[in-house]
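Just below is one structure, and these are the notes that go with it.
As the structure lists them, so they are numbered: ligands from 1, and atoms in each ligand from 1. Start at 1 with the first residue, then count along the sequence.
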Amino acid sequence: MITPVLPTYNRAPMAFVRGEGSWLWAEDGRRYLDLGAGIAVNALGHANPALVAALTEQAGKLWHVSNLYRIPEQEKLAEALVAKTFADTVFFTNSGTEAAELAIKMARKYHYEKGQPDRVEIITFEGAFHGRSTGAIAAAGSEKMVKGFGPLMPGFRQLKWADHEAIRAAITDKTCAVLIEPVQGEGGIRIVPDQCLKGLRDLCDSTGTLLIFDEVQCGMGRSGKLFAHEWSGIAPDIMMVAKGIGGGFPLGAVLATENAASGMVAGTHGSTYGGNPLACAVGAKVMEIVADEAFLAEVNRKAALFRQGLESLIASHPALFEAVRGEGLILGLKCKAPNTDIVKAGYDVGLLTVPAADNVIRLLPALNIPDADIASALTLLDQAATRVEAA
Ligand SMILES: *Cc1c(COP(=O)(O)O)cnc(C)c1O
């Protein structure tokens with residue numbers, strides 16, 4: 001018999017009732033160290049006092065009014081994002097998927113308004129993940145996500161991941177945009193090399209193609225920069241953001257240059273909830289904390305500490321682990337044993353990690369994880385590994 005909750009997930013049996021910083025407590029009283037952070041969402045840990053205050057203060061004033069009116073909290077967050085990024089303008093959504101939908105619409109509308117309505121094809125990559133809407137699954141194109149859901153939205157072309165020659169060959173007078181995650185999350189924490197992002201930028205510039213970055217998972221401080229593409233020194237025309245931007249409250253955004261957004265005039269897009277006062281009050285507080293240079297320096301210091309410990313872990317368990325990948329606090333352990341076995345052993349010892357494709361375990365802790373919790377994480381990972389070896 002079907003469960004009251006639609007059974008589209010293979011859920012672990014734990015149910016959490018309370019969280020504090022990097023720790024979660026389950027119904028049965030057991031404590032877990034959370035290296036998943038709700039899949040890179042709880043950027044500042046659970047029940048962060050500054051975010052609780054921002055949320056409760058706004059909750060007592062005003063939750064929702066719709067985008068029929070000016071929303072000062074939304075304007076404040078948009079101004080902060082514009083001030084700290086390549087972008088000139090921002091549209092707020094409730095999720096990464098909705099950000100993907102707008103990014104696709106914006107790119108197509110751009111060429112339409114420039115008198116090139118045939119430029120509709122969007123180049124994407126194997127292993128990509130952009131969400132679960134019909135557009136986003138068509139964009140990523142993976143068999144697992146699209147099977148049975150056709151006909152798919154046309155106009156996407158998947159290439160081998162970050163193969164520059166293939167991209168060069170694929171761009172035609174029908175190409176609208178290239179859509180890529182600077183660091184693939186679901187795909188197994190794969191970083192697109194800096195020179196590759198630079199090459200992509202040049203290629204897009206010389207062909208009039210828009211460059212769209214999906215920073216839903218790798219953005220908002222996770223890479224050690226506010227946005228991961230900053231490491232490469234180049235910028236996109238359009239960027240999707242979500243997950244960490246709300247610190248746990250549902251919030252997403254599309255950031256764009258004035259030129260890329262030029263087709264999106266009044267009436268061309270909308271959202272009932274997107275950018276509501278409650279979400280934006282929390283988002284503005286997250287932004288204030290994370291966009292600070294000293295905070296980002298701490299993310300990088302913690303990342304170096306964690307990474308060093310992970311290298312020792314790999315050295316102690318050479319039959320289980322192959323390498324550590326990623327940058328900042330979007331890290332992946334490439335496994336030799338099945339990654340899901342190690343994730344399950346983690347549950348047994350009180351540790352939460354997230355599996356990804358390519359037999360990788362994702363480590364996505366809160367960006368403010370205390371050093372002592374990094375030490376605990378390494379101890380628990382060692383215990384989980386020892387259990388898998390003994391099994
Ligand atoms: C999670 C994710 C999405 C989809 O975000 P939702 O909020 O689940 O809709 C899109 N792109 C990337 C890279 C993601 O990690």
Next on the checklist: Test your reading of the structure: does G96 have an N or O sitting under 3.5 Å from an N or O of ligand 1?
Outcome noted: yes

Checklist entry - Is the Lys NZ or Arg CZ of R18 less than 6.0 Å from the centre of F16's six-membered ring, within 45° of the axis? => result no

Checklist entry - Got an N/O contact under 3.5 Å between G131 and ligand 1? => result no

Checklist entry - Should you measure from each heavy atom of E181, which atoms of ligand 1 turn up under 4.0 Å away? => result 13 (C)

Checklist outcome for this item: Under 4.0 Å from one or more heavy atoms of S95, ligand 1 contributes atoms 7 (O), 9 (O)

Checklist entry - How far is atom 9 (O) of ligand 1 from its nearest protein heavy atom, and which residue and atom name does that atom have? => result T97 OG1, 2.5 Å

Item to check | Best match, K243, H130, E101: closest heavy atom to atom 2 (C) of ligand 1 | outcome: K243

Checklist entry - Side chains of E186 and Q217: donor-acceptor distance under 3.5 Å anywhere? => result yes

Checklist entry - Roughly how far apart are L197 CG and L211 CG, rounded to 0.5 Å? => result 7.5 Å

Checklist entry - Quick one: does Q217 get an N or O within less than 3.5 Å of an N or O on ligand 1? => result yes

Checklist entry - Side chains of H317 and D382: is there a donor and an acceptor less than 3.5 Å apart? => result yes

Checklist entry - For residues N42 and K243, is any side-chain donor paired with an opposing acceptor at under 3.5 Å? => result no

Checklist entry - Evaluating non-hydrogen atoms only, which member of L179, V183, D214 is closest to atom 13 (C) of ligand 1? => result D214

Checklist entry - Are a donor atom and an acceptor atom from the side chains of N276 and H64 found within less than 3.5 Å of each other? => result no

Checklist entry - Taking heavy atoms and a distance under 4.0 Å, where does A242 meet ligand 1: side chain, backbone, both or neither? => result neither

Checklist entry - Side-chain donor-acceptor pair under 3.5 Å between S95 and T97, yes or no? => result no

